[in-house]
Amino acid sequence: MDFGLSAEQKALAATVRRYLAERCPIARVRTIMDSESGHDAGLWQGLMDLGIGALPVAEADGGMGAEFLDLALVAEELGYACTPGPFLGSLVATIAIAGADDSDLRARWLPRLASGETIATFAVGESGGRWDAGEIAARVDGNTVTGAKSLVPYGSLADLHVVAAVGSDGPGLWLVARDSASVSTNELSGNDRTRRLSSVEYRGSEAVMLGGADALARLRDAALVLVAADAYGGARRCLEMAREYVLVREQFGQPVGAFQAVKHQLANLAVEIEPSLSLWWYAAHAFDRIRDQAPRHAALAKAFSCDLFDRASRDATELHGGIGFTWEFDLHLWFRRSIFDRAFFGDSHYHRARAASLAGW
Amino acid sequence: MDLSYNAEYQAFRTEVRAFLDGHWSDGDRAAHGGSEVLIGRITRPEPRVTEFRMRAIEAGYLYRNIPRQWGGGEQPFDPLRSAIIREEFKRARAPREMVGQGPSMLVFTLLEHGTEEQKKRFIRSTLLGEVLWCQGYSEPGAGSDLASLRTRAELDGDQWVINGQKIWTSNAQEADWMFALVRSEPDAPKHDGISYLLIDMKTPGITVRPLRQMTGESDFNEVFFDNARVPRSAIVGDRGKGWIVSRSTLKYERALIGDTDINRRTLDGLVMLARAIDRRGRPAIEDPVLRGRLVEVETKLIAAELHSMRLLTMQSRGEEPGLPGMVPKLYTTQLSYEMARLAMDISGDGAALAPGEPEAPAMGMFVHAYLWSLGILIAGGTANIQRNIIAERGLGLPRDASQKR
């Protein structure tokens with residue numbers, strides 16, 4: 001019995017953290033986030049060269065065949081560093097493609113996804129807050145998909161779209177290679193400038209089936225856990241920033257961190273954040289090893305982690321006083337990231353309602 | 001990450017099960033298998049329970065960290081085996097280690113600081129529940145700021161003469177003995193003038209007066225000392241060193257309260273309650289707001305359970321738990337409070353009825369828990385003191401300049 005990280009997992013997380021600290025410090029985050037595309041090819045390739053894109057790809061398909069937890073640890077670091085770019089969409093799409101039965105399809109796309117040559121994304125949500133398989137309106141007719149999707153991560157950048165739609169056998173996932181004729185994308189102005197969102201319309205776009213309802217459920221659970229890990233990483237960073245600030249900021253002749261009100265606010269935050277780590281660790285582990293528990297634990301981790309990120313970023317801002325409210329100060333980047341995490345792929349209330357039903361309540 | 005137990009541990013689990021099958025029958029379960037209390041009254045165990053405990057100690061399943069010489073099971077440190085024992089004993093509803101401040105606090109103090117005579121006299125009998133203890137720390141003017149205590153002990157020949165008052169003393173009515181902090185060196189600075197004494201509760205000059213708490217019951221007491229005389233040898237450790245002597249035990253008390261079992265049982269009860277309660281013709285569990293809140297508290301409970309698995313893993317790897325190790329008490333006591341609060345809301349207007357009222361939802365059991373949850377927030381150091389500790393020792397924030405310690 002061991003509920004902890006292996007030495008290799010710790011090394012992986014440390015490598016990503018070091019890389020991001022060196023290559024994507026917050027000044028770089030700001031440059032990328034202010035750019036038109038919100039994507040930096042150098043940063044993307046650098047992380048892919050570390051092997052991140054190959055983590056979810058089976059060894060038989062030329063990848064690293066890592067545990068899903070490994071990927072979640074990377075997501076934690078991306079959240080910790082507030083890393084901008086199409087990582088979430090592409091990693092989740094890679095998981096979906098890696099899970100497809102069609103070996104030709106895997107052989108065609110996985111090497112390019114693992115190397116970073118191709119950027120992918122997933123298109124599940126539809127307007128009106130529809131993320132459930134039973135609510136999807138997009139339709140597949142023969143080998144084409146038609147429908148409108150909302151909140152697609154980097155929909156206009158990604159070449160490859162994993163689209164949730166309903167075919168003759170019910171809901172599932174289809175792969176669409178984006179072309180300008182049948183796929184139109186519209187960039188949305190989002191609160192989180194580090195992760196861009198698009199609305200996408202598919203008009204009879206050529207599509208290859210990746211899998212059925214199970215595949216869609218797996219994509220959902222993967223996305224929820226990665227968002228939960230991102231949110232945890234962000235929450236932890238907010239706590240650290242607040243801690244560092246109250247140690248140096250002095251008022252009334254002492255560091256403000258010596259005041260009990262400040263100490264208690266930080267202690268309360270730490271007491272919530274510490275155990276929440278175990279929620280997404282376990283959800284990630286269940287994704288691989290305890291599959292019948294995976295959907296519920298992914299939902300619980302997503303709702304809890306994202307609510308906590310919201311609270312941590314607000315508390316941290318409050319603890320910084322006036323400086324925390326400025327554009328120049330970096331904290332609002334995480335605050336904005338928390339808004340994305342909390343809203344994306346269904347809000348906390350929605351996932352708690354799902355979890356209640358999944359428990360048979 | 002591997003949540004299964006390897007062959008060695010599976011074999012150990014089989015061994016524990018075989019032991020329980022052989023020594024704790026269905027009849028024992030029915031007669032003595034009641035749930036253990038974590039807070040509240042301790043009682044002297046039935047002879048059958050003591051007999052079972054002696055066998056379980058002999059087999060090395062209980063008091064594993066206490067030497068055999070003093071009545072323990074004496075086993076190498078292995079948190080996984082301890083966890084298996086806990087799980088299997090719980091499943092079989094077999095008596096586990098005695099709860100209460102004697103076994104969880106005093107015994108470790110004696111092991112560290114007691115004389116041979118004190119160890120011989122008290123450890124084994126305390127572990128078996130033959131001697132029941134209460135803790136004499138808090139005073140009317142010394143709660144979280146324990147070092148301000150004023151109960152005096154003056155040496156008169158071969159005896160300590162004790163005068164003063166203790167308060168919030170759980171189990172003082174039942175206890176045979178008290179371990180207490182008293183001021184023995186009136187001229188020494190705050191922390192340096194304190195000694196740690198073992199006091200026979202039958203000593204003339206001791207009066208126990210029950211305090212009625214907000215639940216209506218009396219689990220706490222005031223204890224008055226009026227020229228109570230105990231032998232000079234009643235001291236543990238050196239004169240004036242009582243503060244240091246008492247330190248290790250506070251740690252154990254926190255570990256005791258950070259147990260998630262009781263919250264898991266409460267959650268199961270909450271779900272049953274929400275199914276059973278009628279809200280304008282529909283079960284309360286169909287209310288979307290209540291469903292969301294049930295999931296919210298369950299998520300926190302799962303986080304607490306997984307967190308203890310994480311701490312268990314850290315322990316068995318020999319890692320220092322640090323900040324994560326400081327979390328459980330505050331987290332789980334807050335969770336108890338939130339759960340009890342939710343039970344009140346699920347009960348709806350039925351929450352107006354008192355514990356024991358037959359028409360109250362679940363006989364008002366949750367109202368009782370709601371009131372108790374406030375007691376748990378205060379016991380063993382108030383939640384605010386926990387926050388100070390977490391901020392200072394866990395996050396490295398400075399002490400408040402006004403706190404003289």
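Values below: every heavy atom of this structure, side chains too, minus hydrogens, waters and symmetry copies. Order of the sequence lines fixes the chain letters, A, B, ..., with proteins taken first and strands second; residue numbering starts at 1 for each chain.
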*Checking heavy atoms, do the side chain of A:Ser357, its backbone, both or neither come under 4.5 Å from chain B?*
both

*Test item: A:Lys263 side-chain N/O and B:Pro398 main-chain N/O as donor-acceptor pair under 3.5 Å*: yes

*Name the region of B:Ile285, side chain, backbone, both or neither, that has any atom closer than 4.5 Å to a heavy atom of chain A.*
side chain

*Does B:Gly292 offer a backbone N or O that forms a donor-acceptor pair with the side chain of A:His349 under 3.5 Å?*
no

_Heavy-atom contact with chain B under 4.5 Å, split by part of A:His351_ = neither

*Is A:Asp2 salt-bridged to B:Arg317, cutoff N-O under 4.0 Å?*
yes

*Measure distances from B:Leu311 to the heavy atoms of chain A and classify the residue's part below 4.5 Å as side chain, backbone, both or neither.*
neither

_Under 3.5 Å: donor-acceptor pair, side chain of B:Arg399, backbone of A:Ala258_ = no

*asked:* Does any part of the side chain of A:Glu274, heavy atoms only, come nearer than 4.5 Å to the side chain of B:Met326, both counted from C-beta?
replied: no

*Would you name the heavy atoms of A:Leu247 and B:Gly396 that are closest together and state the gap between them?*
CD2-O, 3.7 Å

*Where does A:Arg354 contact chain B at under 4.5 Å (heavy atoms): side chain, backbone, both or neither?*
neither

*Side chain, backbone, both or neither: which part of B:Leu80 has a non-hydrogen atom closer than 4.5 Å to chain A?*
side chain

*Under a 4.5 Å heavy-atom cut-off, does chain A meet the side chain of B:Tyr331, its backbone, both or neither?*
both

*Side-chain contact, heavy-atom cut-off 4.5 Å: A:Phe3 with B:Leu312?*
no

_residues 300-307 of chain A: residues contacting chain B (heavy atom under 4.5 Å, by number)_ = A:Leu300, A:Phe304

*asked:* Under 4.5 Å from any heavy atom of chain B, what part of A:Glu240 do you find: side chain, backbone, both or neither?
replied: neither

*Does A:Arg352 pair with B:Glu298 as a salt bridge, N-O distance under 4.0 Å?*
no

*asked:* Could you tell me if the side chain of A:Tyr282 sits less than 4.5 Å from the side chain of B:Leu3, heavy atoms only?
replied: yes

*Between B:Glu319 and chain A, which part of the residue has a heavy atom less than 4.5 Å away: side chain, backbone, both or neither?*
side chain

_Cation-aromatic face contact B:Arg291/A:Trp361, 6.0 Å, 45 degrees_ = no

_Pick from A:Arg296, A:Arg289, A:Gln9 with the largest number of heavy-atom pairs that fall under 4.5 Å of chain B_ = A:Arg296

